[in-house]
Amino acid sequence: MTDQKKPDQATTSEKPWGGRFSEPTDAFVERFTASVGFDQRLYHHDITGSIAHATMLAEVGVLTTEERDSIIDGLKSVKEDIEAGRFDWSVSLEDVHMNVEAKLTERIGITGKKLHTGRSRNDQVATDIRLYLRDEIDVIAEELRRLQTGLLDLAEREAETIMPGFTHLQTAQPVTFGHHLLAWYEMLARDAERLQDCRKRVNVMPLGAAALAGTTYPIDRSITARLLGFDRPTENSLDSVSDRDFAIEFCSFAALLLTHMSRFSEELVLWTSAQFDFIDLPDRFCTGSSIMPQKKNPDVPELVRGKTGRVNGHLISLLTLMKSQPLAYNKDNQEDKEPLFDTVDTVKGCLKAYADMVPAIEAKADNMRVAAKQGFSTATDLADYLVKKGMPFRDAHEVVGKAVAFGVAEERDLSDMTLEELKRFSDIIGDDVFNVLTLEGSVQARDHLGGTAPAQVRAAVARARKSLEA
């Protein structure tokens, strides 16, 4: 009885490494070890890298110009087939690289087999991932910039809108909504810097490291690096094929970005609740309830808050993946792509949702103002007033504490007390005290770099716009 080959199961002779083996790969193992199901998204970058590699091989005389042109034309036609949906991906060919190379060889003949001269799938995939991630970083940077711009526009619009500032989620001091939004902006500005710093280490080319030790062919890696837009080739062949620091660094950036966006989300969820009622989100960013007709749920912020967990998890996955690997390349590294790909997709989706939503946030200024008047938010201003009159701060702190205790008992804010009532706590309090007990007086008094005064908010917006345009 003859053995029947299972569907899509290649014989050893059909494998690029089959010469060493005496029996075909087990059908389950073939499916288990294949990565083509997810790494096919690298096809564009794989073909781009192969075209540059073939061009370099011709420059150094390893390929003839005719062979180079045949390979390049063949690769372009393969790319057209993929993009037109005419390409059949084969699990038996394991990954995107061998699928493309096999189709190229089928199309142009034996010359297609020469493409892999002077390289390995180890340096090939490392190059593909860097090319892919570099492009995605540029897309993400633009979406991040769009969100930053939306925040600046909203902050400028709400530069004078007073709201309570919180510590421990308790009313602390009055701030402006614009100032609060600029705190979010500062987080994103650091994220943008981290992203660009990460890009520098992504943009280094491992191609030419081959399997782990370089190649005996007279390649010129500087040619390939220039053709692919890399800053330079990598320095060490062992590290070149086994390094995934750049992917971990990107996921670290992503985890911090999503952590910041999760903090934004938490505040948006609170502020849209009936208990706060500080803002309104447009209906197009919310959903309702299947049973409670009055509900308007802030699903976008909630979902972004939830997606933070998966991005944090991907960072841990990659760190764990690499923590015990000896040099150089190991099959473990196949597991780098799905966490990285999902992180990229998640970050892009979250940024797009927020960049679209943030400019449409409507502040409920009256509700914010009412909330800012609760909780004795100008108590620190009264203490500062007493210090400026000559009282030591610790004594001023005690005086104001007693005044607040009186207000709690009487259910009245400091600004609602009479001058006579305030003088019970210190006779140095005069008529001018009411200038500092108003909400406007409180925020205007903090007229310094980084302060809450509307003029400072507008100045900070102007500086940020200039920085974004640089």
Side-chain angles (χ1 to χ4, degrees), residues 155 158-184 186 263 266-267 270-279 363-460:
E158 305 295 343
E160 297 190 29
T161 302
I162 292 175
M163 68 176 292
F166 299 95
T167 62
H168 309 279
L169 207 57
Q170 305 294 312
T171 299
Q173 293 178 277
V175 297
T176 62
F177 187 36
H179 187 67
H180 191 111
L181 293 168
L182 288 179
W184 293 358
E186 289 298 313
R263 295 181 71 185
E266 176 69 10
E267 293 191 310
L270 288 172
W271 293 347
T272 56
S273 69
Q275 289 69 30
F276 278 78
D277 201 22
F278 283 1
I279 64 167
K364 296 184 177 182
D366 291 343
N367 293 352
M368 288 183 173
R369 182 180 181 83
V370 169
K373 287 198 71 173
Q374 298 172 358
F376 305 95
S377 63
T378 58
T380 304
D381 297 277
L382 179 57
D384 291 343
Y385 167 87
L386 293 171
V387 169
K388 290 173 184 175
K389 294 276 188 176
M391 184 179 291
F393 180 79
R394 285 299 168 206
D395 292 342
H397 190 286
E398 183 176 357
V399 166
V400 176
K402 291 177 179 178
V404 167
F406 173 75
V408 170
E410 295 289 318
E411 297 184 349
R412 280 191 289 155
D413 187 63
L414 292 171
S415 61
D416 296 327
M417 297 178 190
T418 66
L419 180 60
E420 290 71 26
E421 287 172 327
L422 289 170
K423 275 184 169 293
R424 293 183 197 172
F425 306 104
S426 173
D427 58 9
I428 65 174
I429 296 175
D431 290 341
D432 57 346
V433 71
F434 295 105
N435 295 331
V436 303
L437 293 182
T438 64
L439 298 177
E440 286 77 13
S442 177
V443 298
Q444 289 284 4
R446 291 163 174 79
D447 190 11
H448 56 77
L449 181 66
T452 62
Q456 292 296 334
V457 171
R458 294 189 180 97

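Sequential numbering from 1 along the given sequence is applied to the chain's residues.
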| said: Pair Leu437, Leu422 - check side-chain contact (heavy atoms from CB on, under 4.5 Å), show working. | reply: CA-CA 12 Å; Leu437 293 182; Leu422 289 170; 4.1 Å; yes
| said: Taking Glu420's backbone N and O only, do any of them form a donor-acceptor pair with Arg424's side chain (distance below 3.5 Å, no angle check)? | reply: no
| note | Here the pair of heavy atoms bringing Pro164 nearest to Met368 is CD-O, 3.5 Å
| query | Can a donor-acceptor pair be found between the side chains of Gln456 and Asp447 at a distance below 3.5 Å? | reply | yes
| note | All heavy atoms of Ser426 vs all of Leu386, minimum pair found to be OG-CD2, 4.1 Å
| request: Indicate the atoms forming the closest heavy-atom contact of Ala396 with Val387, along with that distance. | output: CB-CG2, 4.0 Å
| query | Would you call Glu398-Lys402 a salt bridge at under 4.0 Å N-O? | reply | yes
| task | Would you indicate whether Arg263, at its atom CZ, is surrounded by more than 12 heavy atoms from other residues, nucleotides or ligands within a distance under 6.0 Å? | result | no
| Which pair of non-hydrogen atoms, one from Gly407 and one from Phe376, has the smallest distance, and what is that distance? | C-CZ, 3.6 Å
| query | Counting only heavy atoms not in Lys364, do more than 12 sit closer than 6.0 Å to its NZ atom? | reply | yes
| said: Would the distance check show the side chain of Thr176 and the main-chain N or O of Ile162 forming a donor-acceptor pair, the cut-off being under 3.5 Å? | reply: no
| query | Is a side-chain donor or acceptor of Thr452 paired with a backbone partner of Val443 at a separation under 3.5 angstrom? | reply | yes
| query | Do Tyr385 and Asp432 have side-chain atoms, one donor and one acceptor, less than 3.5 Å apart? | reply | yes
| Check: Ile429 main-chain N/O paired with Lys423 side-chain donor or acceptor under 3.5 Å | yes
| In terms of ring plane angle, is the pair Phe166 and Phe278 parallel, tilted or perpendicular, where the classes change at 30° and 60°? | parallel
| task | May I ask you to check whether over 12 heavy atoms, not counting those of Glu421, lie within 6.0 Å of atom CD? | result | yes
| request: Could you check if a side-chain atom of Ser377 sits within less than 4.5 angstrom of a side-chain atom of Pro174, using non-hydrogen atoms only? | output: yes
| field | Heavy-atom pair of closest approach, residues Phe177 and Ile279 | value | CZ-CG2, 4.1 Å
| said: One thing to verify: whether Arg446 and Asp381 come together as a salt bridge, which I'm taking to mean a side-chain N less than 4.0 angstrom from a carboxylate O. | reply: yes
| query | If you measure only the distance, is there a donor-acceptor pair under 3.5 Å linking the side chains of His180 and Glu267? | reply | yes
| field | Heavy-atom pair of closest approach, residues Ala403 and Met417 | value | O-CE, 3.3 Å
